[in-house]
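In each ligand, atom 1 is the first atom listed, and ligand 1 is the first ligand listed.
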Amino acid sequence: MDRSGFSQLYLVGLTGGLGSGKTTAGTLLAEACLPVIDTDQLAHELLTDRKGAAYAEVVKRFGKAVLDRWGRVDRQKLADVVFKSKRKRKVLEKILHPAVEEEVARRLQALAASGERIAILEVPLLLEVGWDRFVDCVVVVDCPEESQVERHMSRTDESAKQAQARMAAQASRKERLDRADFVLDNCSTLQHLVAQVEGLIASLNKGWLAKMNGEQE
Ligand code: ATP
């Protein structure tokens, strides 16, 4: 990603495993008035834009079987198809990644132009797609694998086995923690997570200042 249009922004990658609490943490940061770009949501928007190039390409490559009865891309159907085939996953990534990257860059430029100092990029597969190289700081939302499975199951109709298979396709908990500049420990209650967000924001402000002063973090 070409960062020249938003080089003064302190860019934060927010990531974590399946059901770890990324969206919950992202919402807390947004409530604290930090701009959050949710790349999963963005990919979803690209797929629901029936006039867009990404939608047309997905229908061309995956057929009408991944559409719902209104002709919209059904994310669950598409996820099931690509989950079963590495080749198809690569095809979808090739369609979506450049489109997501372009839109992310456009939004970051707008944030920088409006004088924002810090921007949060919520990216579930930050490490897996190598976007950790683009950001100034990697924040990992962490919880034990058993909680990930439980939380995922509580809001989907998937089994523990299906949740574990999804997790096996992601970076391991250790890989994420090894790469983290800041860890949000989400092993306990929501209040416990809320209490850590204040510390995170203070750390991000320090990071921004260090970047402005040209210091190495
Ligand atoms: P996904 O990988 O599916 O996108 P995610 O990492 O964004 O998930 P969330 O959607 O934030 O995770 O959380 C998963 C589920 O766990 C949600 O139903 C959320 O309300 C719940 N949850 C998050 N944090 C906690 C917590 N500390 N205690 C109990 N439930 C939680």
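When all heavy atoms of P124 and T15 are compared, the pair lying nearest together is O-OG1, 2.9 Å. What you find for A25 and V141 is that their closest heavy atoms are CB-CG2, 3.9 Å. Across L111 and A119, no two heavy atoms sit closer than the pair CD1-CB, 4.0 Å. Closest approach of V135 and V138 over heavy atoms only: CG2-CG2, 3.9 Å.
Taking atom 12 (O) of ligand 1 as the reference point, the nearest protein heavy-atom neighbour is G21 N, 3.1 Å. In terms of protein heavy-atom proximity, atom 24 (N) of ligand 1 is closest to N186 ND2, 3.0 Å. Taking atom 6 (O) of ligand 1 as the reference point, the nearest protein heavy-atom neighbour is K22 NZ, 2.7 Å. Nearest protein heavy-atom contact of atom 7 (O) of ligand 1 is T23 OG1, 2.8 Å. Scanning the protein for heavy atoms near atom 13 (O) of ligand 1, the closest one is T24 OG1, 3.8 Å. When hydrogens are left out, the protein atom nearest atom 4 (O) of ligand 1 is R155 NH2, 3.8 Å; that is the closest non-hydrogen contact. Of all protein heavy atoms, the one lying nearest to atom 21 (C) of ligand 1 is R151 CD, 4.2 Å.
In this structure, G17 counts as a contact residue of ligand 1, since one of its heavy atoms falls inside 4.0 Å of the ligand. For S188, the heavy-atom gap to ligand 1 drops under 4.0 angstrom. Ligand 1 lies out of reach of L193, whose nearest heavy atom is not under 4.0 Å from it. Contact annotation: S20 has at least one heavy atom less than 4.0 Å from an atom of ligand 1. Remark: distances from the non-hydrogen atoms of G19 to ligand 1 include one below 4.0 Å.
Between the S147 side chain and the C187 main chain, no donor and acceptor come within less than 3.5 Å of each other. Between the side chain of T156 and the main chain of H152, a donor-acceptor pair closer than 3.5 Å is present.
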Would R166 and D80 count as a salt bridge (charged side-chain N to carboxylate O under 4.0 Å, His left out) if you check the C-alpha gap in whole Å, the side-chain angles of each, and the deciding distance to 0.1 Å? CA-CA 10 Å; R166 285 190 193 279; D80 290 344; 3.7 Å; yes

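Remark: ligand 1 atoms within the under-4.0 Å shell around heavy atoms of L190 are 27 (N). When each atom of ligand 1 is checked for a heavy atom of L18 under 4.0 Å away, the hits are 2 (O).
Residues D132 and R179 are paired through a salt bridge, judged by an N-O separation under 4.0 Å between the basic side chain and the carboxylate. Ionic pairing of R106 and E102 is not present here: no N-O contact between side-chain nitrogen and carboxylate oxygen is shorter than 4.0 angstrom.
Using a 4.0 Å cut-off between heavy atoms, T189 contacts ligand 1 through its backbone alone, with no side-chain atom that close.
With respect to Q196, the side-chain contact (heavy atoms from CB on, under 4.5 Å) criterion is satisfied by exactly one of I201, L184, V183: L184.
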